[in-house]
Number of protein chains: 2
Amino acid sequence: MPKSIPDIVIGRLPIYLRALQHMGMEGRQVTSSQELGERLGISAAQIRKDLSQFGEFGKQGTGYNIDFLSKQLQEILKVDRVWDVAIVGAGDIGKGLANYNGFSSRGFRIVMIFDSNPNLVGTQLGGFTIKDSRLIKQELESSNVRVAMIAVPAAQAQAVAEQLVEAGVKAILNYAPVNLTVGPDVHVQHIDPTIHLQRMTYYLD
Amino acid sequence: MPKSIPDIVIGRLPIYLRALQHMGMEGRQVTSSQELGERLGISAAQIRKDLSQFGEFGKQGTGYNIDFLSKQLQEILKVDRVWDVAIVGAGDIGKGLANYNGFSSRGFRIVMIFDSNPNLVGTQLGGFTIKDSRLIKQELESSNVRVAMIAVPAAQAQAVAEQLVEAGVKAILNYAPVNLTVGPDVHVQHIDPTIHLQRMTYYLD
DNA sequence: TAGATTGTTAATCGATTAACAATC
DNA sequence: TAGATTGTTAATCGATTAACAATC
């Protein structure tokens with residue numbers, strides 16, 4: 001068995017990728033681990049070490065070709081393709097996600113939106129007709145969705161997660177302020193603004 | 001100099017706190033490091049170690065009083081008070097944050113919203129009149145705001161951050177998909193849904 | 001008391017950094 | 001060539017875990 005890559009390294013790759021694509025859009029051709037590190041507040045040694053887990057992408061004396069390294073990272077992270085994504089919850093957060101146009105260029109495409117509010121079901125959002133949350137399993141079965149975002153109230157999040165997992169979803173981005181419990185083959189990331197804020201107030205006086 | 005607490009420990013405290021408050025609302029009185037750990041997917045030893053950095057909050061044989069430990073964690077994280085928060089950007093994300101009612105019970109209170117769009121300036125949002133982003137410094141000077149959330153397009157985020165820092169902001173929650181560069185006395189947390197999604201697709205096949 | 005669980009220590013495990021030969 | 005920067009190794013540093021005496 002090849003030794004597996006630490007998750008903490010995987011977590012930094014999307015950050016490298018975002019910075020590289022930003023540089024690319026500025027018209028830059030090459031960068032170095034040092035420059036990238038300064039921009040991100042990460043040591044140059046760490047960036048080189050992280051990348052070396054996957055191959056040799058740079059040239060001594062020159063650095064990294066930005067387009068080439070971007071493409072390599074996209075492959076590694078499997079965002080050299082487009083993932084279909086379902087959103088559950090059409091409140092303010094769900095609406096924001098549905099209207100966000102930053103997904104498509106970075107590997108994701110919203111394909112379906114659910115809500116449990118009968119007043120919202122059937123209405124339009126971001127080019128989609130909102131579907132009834134009770135139909136999650138049924139609707140996802142005929143789709144290719146394995147990534148979902150949960151933007152429902154905390155009280156409903158766990159139940160929604162379970163329906164999504166039953167329907168074959170393997171990666172969940174959870175905006176509800178509650179910890180989700182899922183099986184070991186399902187990946188979950190949590191976004192809770194309060195958690196992030198509380199992590200900073202500790203350092204304030 | 002007392003040895004400083006690792007930031008990774010600080011990062012887990014808000015998660016413990018959220019789970020404890022959840023249990024409290026369920027009417028529970030006590031819990032154990034084991035139960036808490038199972039709920040969060042964290043080892044019991046780690047939870048005890050983390051807490052022991054700050055004092056002794058439990059009782060052998062019994063565990064932790066939920067209300068007591070919650071209060072202690074609130075004090076440690078300095079959310080036993082209410083922090084005034086400014087939002088910059090009144091698009092979908094800013095709107096969602098402005099209308100979110102989960103802040104007040106957890107230590108934060110929105111007090112001001114800015115946007116640079118002349119069509120939005122002067123209109124109402126979440127009980128506030130949206131102010132012109134050019135007035136950030138001026139408006140914050142007479143306020144008590146040291147925490148802010150950035151919800152503007154990527155291209156404007158760095159400039160907004162600099163204005164906030166100039167106005168005395170020490171903690172920034174950044175929703176723009178770009179890395180912010182700030183001084184060492186300013187804390188930044190980033191929320192970018194795509195980054196979180198890309199971190200999970202690595203593991204999908 | 002017997003059972004449970006803490007707080008803490010020491011051991012293990014893992015991540016980061018410093019340094020440098022290789023080489024563009 | 002001289003200067004720059006990679007990829008990698010070994011050393012350092014830090015975080016997690018296992019184990020258990022203390023004790024409720």
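The figures that follow rest on heavy atoms only: side chains count, while hydrogens, waters and symmetry mates do not. Throughout, protein chains are lettered first and strands after them, A, B, ... in sequence-line order, and every chain is numbered starting at 1.
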(request) Using a cut-off of strictly less than 4.0 Å, decide whether A:S43 has a side-chain nitrogen or oxygen near OP1 or OP2 of C:dT16. (result) no
(message) Checking contacts here: which listed nucleotide (C:dG7, D:dT16, D:dG7) is nearest the side-chain heavy atoms of B:R12?
(response) D:dT16
(message) Measure CD1/A:I47 against P/C:dA15 and give the value in whole Å, please.
(response) 17 Å
(request) May I have the distance from A:K59 (atom NZ) to D:dT5 (atom C1'), rounded to whole angstrom? (result) 12 Å
(request) Calculate the interatomic distance between B:Q53 atom CD and C:dT6 atom P; express it in whole Å. (result) 17 Å
(request) Evaluate the side-chain proximity of B:V79 to A:T194: yes if any heavy-atom separation is below 4.5 Å, no if none is. (result) no
(request) Establish, with yes or no, whether the OP1 or OP2 oxygen of C:dA22 is under 4.0 angstrom from a side-chain nitrogen or oxygen of A:Q60. (result) no
(message) Taking A:K78 first and then B:D205, would you say they form a salt bridge - that is, a charged N and a carboxylate O separated by under 4.0 Å?
(response) no
(message) Please name the nucleotide paired to D:dG3 by Watson-Crick or G-U wobble geometry with both distances under 3.5 Å, or report none.
(response) C:dC24
(message) On DNA chain C, compare the nucleotides closest to B:G61 and A:I42; which residue's is nearer the 5' end?
(response) B:G61
(request) Please work out whether the ring planes of B:Y202 and A:F54 are parallel, tilted or perpendicular, with thresholds of 30° and 60°. (result) perpendicular
(request) Using atom NZ of A:K49 as one end and atom C1' of D:dT9 as the other, report the distance to the nearest whole Å. (result) 9 Å
(request) Can you figure out which of D:dT9, C:dT6, D:dT17 approaches the side chain of B:S32 most closely? (result) C:dT6
(message) When you measure from the side-chain N and O atoms of A:R48 to the phosphate of D:dT6, is any distance below 4.0 Å, counting only OP1 and OP2?
(response) yes
(request) Take atom CZ of B:F57 and atom C1' of C:dT8, then tell me their distance rounded to the nearest Å. (result) 15 Å
(request) Measure from the side-chain heavy atoms of B:Y64 and tell me the nearest of D:dT8, C:dT17, C:dT6. (result) C:dT6
(message) From C-beta outward on B:A45, which listed nucleotide comes closest to its side chain: C:dT9, C:dA15, D:dA18?
(response) D:dA18
(request) Check every atom of D:dA15, D:dT8, C:dT9 against the side chain of B:I8 and return the nucleotide holding the closest atom. (result) D:dA15
(request) Assign each of B:S52 and B:Q34 to its nearest nucleotide of DNA chain C by heavy atoms, then name whichever residue's nucleotide is nearer the 5' end. (result) B:Q34
(request) Flag the pair A:Q46 / A:L40 as yes when at least one side-chain heavy-atom distance between them is below 4.5 Å, and no otherwise. (result) no
(message) Rounding to an integer number of Å, can you tell me how far B:D50 CG sits from D:dA15 P?
(response) 10 Å
(message) If I take atom CG in residue A:L51 and atom C1' in nucleotide D:dT8, what distance separates them, rounded to the nearest angstrom?
(response) 13 Å
(request) For residues 81-98 of chain B, pull every pair meeting side-chain hydrogen bond (donor to acceptor under 3.5 Å, both in side chains), keeping only residues two or more places apart or in separate chains. (result) A:N99-B:D92, B:D84-B:R109
(request) Specify the separation, in whole Å, of atom CG of B:N65 and atom C1' of C:dT6. (result) 15 Å
(request) Return the nucleotide paired to C:dA18: Watson-Crick means purine N1 to pyrimidine N3 with N6-O4 or O6-N4, wobble means G-U with N1-O2 and O6-N3, both under 3.5 Å. (result) D:dT9
